[in-house]
Amino acid sequence: MDDSSARGAGRSRSRLAPSALASVVVGGLLFYSWFWASLTLLLGGLASLPALGTGLLLLIPWLLVMQLAVRVERRRAVAIHGIPVILPPRRRSRRTGISGWLSNRWFELGTWAFWRGVLHHHLAILVAGAFFTAFAVFLWFGWTGWEAALDQGTAEVGGIELSRWSLGAIGTAGLVLALVMLVLGALADRGLARGLISGSEDDLREQVAELAERRQGAVDAAAQERLRIERDLHDGVQPRLVNLAMTLGIAKNTVRTDPDRAEQLVGEAHAEAKAVMTDLRQLARGIHPAVLTDRGLDAALSALAARSQVPVDLQVDLGTESMPALDRELEAVAYFVVAEALTNIAKHAEATAADVFVHRNESALRVRIQDDGRGGAQVRRDGLSTGLAGLTDRVRATGGLLEVTSPTGGGTALIAVIPLAGRTAPVPELAHPTTQEDLR
């Protein structure tokens, strides 16, 4: 069952619509039946968990029923109260069939929106039960008062004799109060729905802003990558190809008049061609290294550390084998963060050593690179020094953040926090960690 129908804003409806009043009656009836059954299943399941987990036989059906109940409550808020229900994005399984359905049920249990919906479901029934009980009591008073007024004419209550008009007034007051209880119950139900399951326009605006920022980060990262490739081709490969063509042209013109000279030039051209092929392989590796695809992030980072001109202390912790494999794009982002950072250290930092820590937990992949160089690194977008700016855009496109701490003379620490696929909650900002334990 999809929640898409509960996402849109319902049409504005009257707070005193008959359906809202009827909803209080239905909620009151559920209070005397399903409410206590639900609590019994929950408490019985929790109490039975120590007994070899037998409580799961009660908790699993309860959780499945709760997922259905939460969906029904969202649709009821839209249909009866006209309240827009804004649902935060959540992780969804890529599997199909029964395994995909079970995975989606499991993912839903880990969302705050689900448990808030469970709380709303029970509170709504409890509140409806209270107002329905008061409605029933006042309705009985009103019915009894009018019945006595019409059938008996007078009645004695507590030694006081009540006339027909007094009984009629009591009956009318009882009926009015009964109706008031229904109205108050409907208003209370509307308030609970608005407070617990509707979300707000601010939530929607935050989601739109976050998605727009990610999209802009992806666009900027692609632009920076294009500029880098153009620069590498223009400044590296293109001049060497021009030199290769000129060498072959000279060899062609001298092959008959000076064969020895032509042979020497062909040899130089052959060596240059192999050097150009090496440059092109390096350029292709910069787009997406083959070792990252073939052997994974750990091996790719080890290869980077081995090629680095500055000694690197590399520590990689990608979690246990039971964790799902990392997304290829997230691996690529982490790889390029480390690659660009080590390149900057070798070119500009004047460092003697660098430390690279990569740690993965259930919510994010955290990368930290620190050197003992001269510091002073900055994120610039002047078109000349764009390395850190490109990394910032790459990380931002994943919904993460990149923090650079580089006091002059104090080395540089670069920290990237990359949320894993399906994790959309904001990632907390790091407070300039200095050890591996701080990174964790």
Exercise for the section: Please report the C-alpha distance between Leu58 and Trp62 in whole Å, then the side-chain angles of each, then the deciding distance to 0.1 Å, and finally whether the side-chain contact (heavy atoms from CB on, under 4.5 Å) criterion is met. Expected result: CA-CA 6 Å; Leu58 298 177; Trp62 181 82; over 6 Å; no
Between [X] and [Y], what is the shortest heavy-atom contact and its length?
X	Y	result
Ala186	Ala20	CB-O, 3.8 Å
Ala334	Leu297	CB-CD2, 4.1 Å
Asn361	Leu420	O-CD1, 3.4 Å
Leu402	Ala416	CD1-CB, 3.6 Å
Ala354	Ile345	CB-CD1, 3.9 Å
Phe138	Ala178	CB-N, 3.6 Å

Keeping [X] on the side-chain end and [Y] on the backbone end, is there a donor-acceptor pair under 3.5 Å?
X	Y	answer
Ser33	Leu29	yes
Thr111	Glu108	yes
Asp372	Thr352	yes
Ser406	Gly376	yes
Ser48	Gly44	yes

Practice task
Please say whether more than 12 non-hydrogen atoms of neighbouring residues, nucleotides or ligands are located less than 6.0 Å from CZ in Phe141.
Solution key: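 Open: at most 12 neighbouring heavy atoms sit under 6.0 Å from CZ of Phe141.
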Please examine the side chains of [Y] and [X], heavy atoms only from C-beta on, and report whether any two atoms are closer than 4.5 Å.
X	Y	answer
Met181	Leu177	no
Leu342	Val312	yes
Leu21	Val183	yes
Thr412	Thr405	no
Arg374	Thr408	no
Asp355	Ile369	no
Val25	Phe132	yes
Gln67	Arg105	yes

As an exercise, state the distance from [atom1] of [X] to [atom2] of [Y], rounded to the nearest 0.5 Å.
X	Y	atom1	atom2	result
Leu175	Phe135	CG	CZ	9.0 Å
Leu59	Leu42	CG	CG	6.5 Å
Phe35	Thr40	CZ	OG1	10.0 Å
Leu304	Tyr335	CG	OH	4.0 Å
Leu30	Leu126	CG	CG	12.5 Å
Ser38	His121	OG	NE2	6.0 Å

Exercise for the section: Kindly determine whether Arg190 and Ile83 satisfy side-chain contact (heavy atoms from CB on, under 4.5 Å), including the steps that lead there. Expected result: CA-CA 8 Å; Arg190 181 186 180 91; Ile83 296 176; 4.0 Å; yes
Practice task
Show your reasoning for whether salt bridge (charged side-chain N to carboxylate O under 4.0 Å, His left out) applies to Glu73 and Arg116.
Solution key: CA-CA 11 Å; Glu73 290 289 356; Arg116 193 170 58 183; over 6 Å; no
Handout entry: Step-by-step side-chain contact (heavy atoms from CB on, under 4.5 Å) determination, Val358 to Asp317
Key = CA-CA 6 Å; Val358 179; Asp317 178 13; over 6 Å; no
Handout entry: Worked check of side-chain contact (heavy atoms from CB on, under 4.5 Å) between Thr172 and Trp146
Key = CA-CA 8 Å; Thr172 302; Trp146 273 107; 3.2 Å; yes
Exercise for the section: Would you sort out whether Arg76 and Asp189 count as a salt bridge (charged side-chain N to carboxylate O under 4.0 Å, His left out), showing the intermediate values? Expected result: CA-CA 11 Å; Arg76 188 173 70 87; Asp189 183 58; 2.8 Å; yes
Problem - Flag for Trp115-His120: side-chain donor and acceptor within less than 3.5 Å - result: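 There is no such pair (donor and acceptor under 3.5 Å, judged by atom type) between the side chains of His120 and Trp115.
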